[in-house]
Amino acid sequence: MRALFVRHALLPEGWRRDVLLEWDAYGDLTRVEAEAAAPLGVARADYVLPGMVNLHSHAFQRALGGLTERAGEGPDSFWTWRDLMYRFAARITPEQIEAIAAQLFVECLRHGYTSLCEFHYLQRGPDGQAYARPAETAERVAAAGHATGMGLTLLPVLYSHAGFGEQPLRPEQRRFRTNVDDILGIAEALQPLRGGQLEVGAAPHSLRAATIGQVRELASGLPAGRPLHIHIAEQQAEVEQSIAFSGRRPVQNLMEQVEVDARWCLVHATHLDDAEVQAIARSGAVAGLCPTTEANLGDGLFPLQRFIALGGRFGIGSDSHVSQSPVEELRWLEYGQRLVHQRRNVAFTNEQRDVGQYLWQAALRGGAQAAGRKVGALREGLRADLLVLDGSHPNLDGVAEADVLGRFLFCGNDNLVRDVLCGGRWVVQGGRHVAQDAVTQRYRQAMIELRDSSEVGQ
Ligand code: ZN
């Protein structure tokens, strides 16, 4: 049956009671009616949220999570982590990419993500040669999405240079090498996979790996309206190199030389001056924030409070997948700000002073825009993506409706997501993904193979 009767559902305008949800065979919501009469024979739920969008992922990095937490001889940094990640990426096969992505998607779905944007830069074989099918590895990620039910935005990544000023790629970057034509070709090859559960955009990796001219060429070559993502100012060193090369900071450079609009998602827009904060907010682009990865890599903190005050749009991503939970991303997004400002309750507006509700709804709006898919709310015509919370958990027992998101985001570590509907399909039931056992078995096999072929994890 394609219907659910919900006692408390989070709609775009806030919590509503007795909401009847119906969806069609294609997976789109066809009815969202509050204060409805309970129909006979329809399944019921206590608390329902729209599924969250994960706007930034490198799926294969899931296999590295927790394996790079040992101090080296000198100070460890983003750049020493990246060397380890490169060694890992050098060996991975298309089959292993698919197995790792499927495991990741199962975990993300179980924790409440129903959409994910894959920033996909591993395009070539281990020797640097193109696969017979140029979209081979992206198609493997799509297959993992199909098998697990995860909604995807595939973003093949333009990666031409090792640093500002068109520095030649290093040998360990040979699997990432692409030019604008390669990326437009991969996007074209993925065209038949587009549909309710999958969109295709593109991503210049960064202004280190792609020139301004290439970024413009890619943006104009991609069909209108498709999402464009870029890593922009993750590290202080990147900002310094950008200034040394162009006389401009990375965000300033992008904003001044490329037409950045609502198609764009600026990932890790971490190091900004106030003019850059204003420029992003004005452009309508989404700031892609990945608090657990940014913390893990020692990146820095985004000026969230100022950005919210300017009406900026943002969403969350799990990036390197040290966490697969939107609860943890949003909790640390808020906690990072509290620690910096030495005060409580930072992420809110005058219209929405409840921090949990503000964060969930704002991350949904920004995430949906960045994904370029019909997601992000329980609204007729959008995808039927929703989370049923465990109403029998002590944290939700007898709690007022207005406190549900506060409990969900800021209390404890149990996963309160019980069932997940994604694109009109129940993919998680009673806390378990319907394909979990088979997916995890393939992942284990992939990890054994990778351990045998690399020093990572030994
Ligand atoms: Zn990234």
Side-chain angles (χ1 to χ4, degrees), residues 53-65 68 77-86 88-89 92 97 100-101 104-105 108 113 115-123 137-138 141 152-163 172-173 175-176 178 183 201-210 215 218 227-239 242 250-251 254 264-271 285-302 314-324 326 328-329 332-333 363 366-367 370-371:
V53 180
N54 186 339
L55 59 61
H56 191 64
S57 159
H58 310 286
F60 77 93
Q61 293 180 13
R62 163 65 182 86
L64 270 178
T68 59
S77 69
F78 170 86
W79 311 100
T80 55
W81 170 85
R82 196 181 66 160
D83 286 340
L84 261 172
M85 185 269 287
Y86 281 177
F88 184 76
I92 198 164
I97 288 173
I100 295 166
L104 170 73
F105 297 165
C108 285
Y113 289 118
S115 298
L116 179 142
C117 303
E118 178 66 10
F119 198 103
H120 182 73
Y121 60 84
L122 236 167
Q123 317 283 5
T137 57
V141 176
L152 289 178
T153 302
L154 289 176
L155 303 159
V157 170
L158 171 63
Y159 202 124
S160 300
H161 309 292
E172 58 270 35
Q173 295 167 323
R175 297 195 70 179
F176 316 151
T178 48
I183 295 306
H205 176 273
S206 58
L207 293 182
R208 289 177 273 126
V215 173
L218 183 65
L228 283 155
H229 292 212
I230 186 170
H231 293 137
I232 194 66
E234 181 166 12
Q235 289 281 318
Q236 294 280 16
E238 181 175 17
V239 176
S242 175
V251 169
L254 184 76
W264 283 85
C265 176
L266 275 49
V267 181
H268 308 308
T270 305
H271 299 289
V286 174
L289 310 176
C290 309
T292 61
T293 293
E294 289 159 5
N296 186 277
L297 297 177
D299 287 349
L301 284 169
F302 176 77
F314 66 89
I316 52 164
S318 60
D319 191 3
S320 71
H321 310 300
V322 287
S323 168
Q324 296 89 36
E328 200 174 9
E329 296 305 331
W332 282 102
L333 179 60

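Both ligands and their constituent atoms are indexed starting at 1 by order of listing.
- Not a single salt bridge (Lys or Arg N to Asp or Glu O under 4.0 Å) links Glu294 to another residue, sequence neighbours left out.
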(request) Begin from the C-alpha positions of His56 and His58 and carry the test side-chain hydrogen bond (donor to acceptor under 3.5 Å, both in side chains) through to its verdict. (result) CA-CA 7 Å; His56 191 64; His58 310 286; 3.2 Å; yes
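- Under 2.8 Å from the Zn ion (ligand 1) lies no N/O/S atom of His268, from backbone or side chain alike.
- In summary, an N, O or S atom of His231 is located under 2.8 Å from the Zn ion (ligand 1).
- In this structure Gln324 satisfies the side chain to side chain donor-acceptor pair (under 3.5 Å) test with no other residue, sequence neighbours excluded.
- His205 and Tyr121 have perpendicular rings, their planes meeting at more than 60° on a 0 to 90° scale where under 30° would count as parallel.
- Of the angles at the Zn ion (ligand 1), the one spanning NE2 of His58 and NE2 of His56 is 100° when given to 10°.
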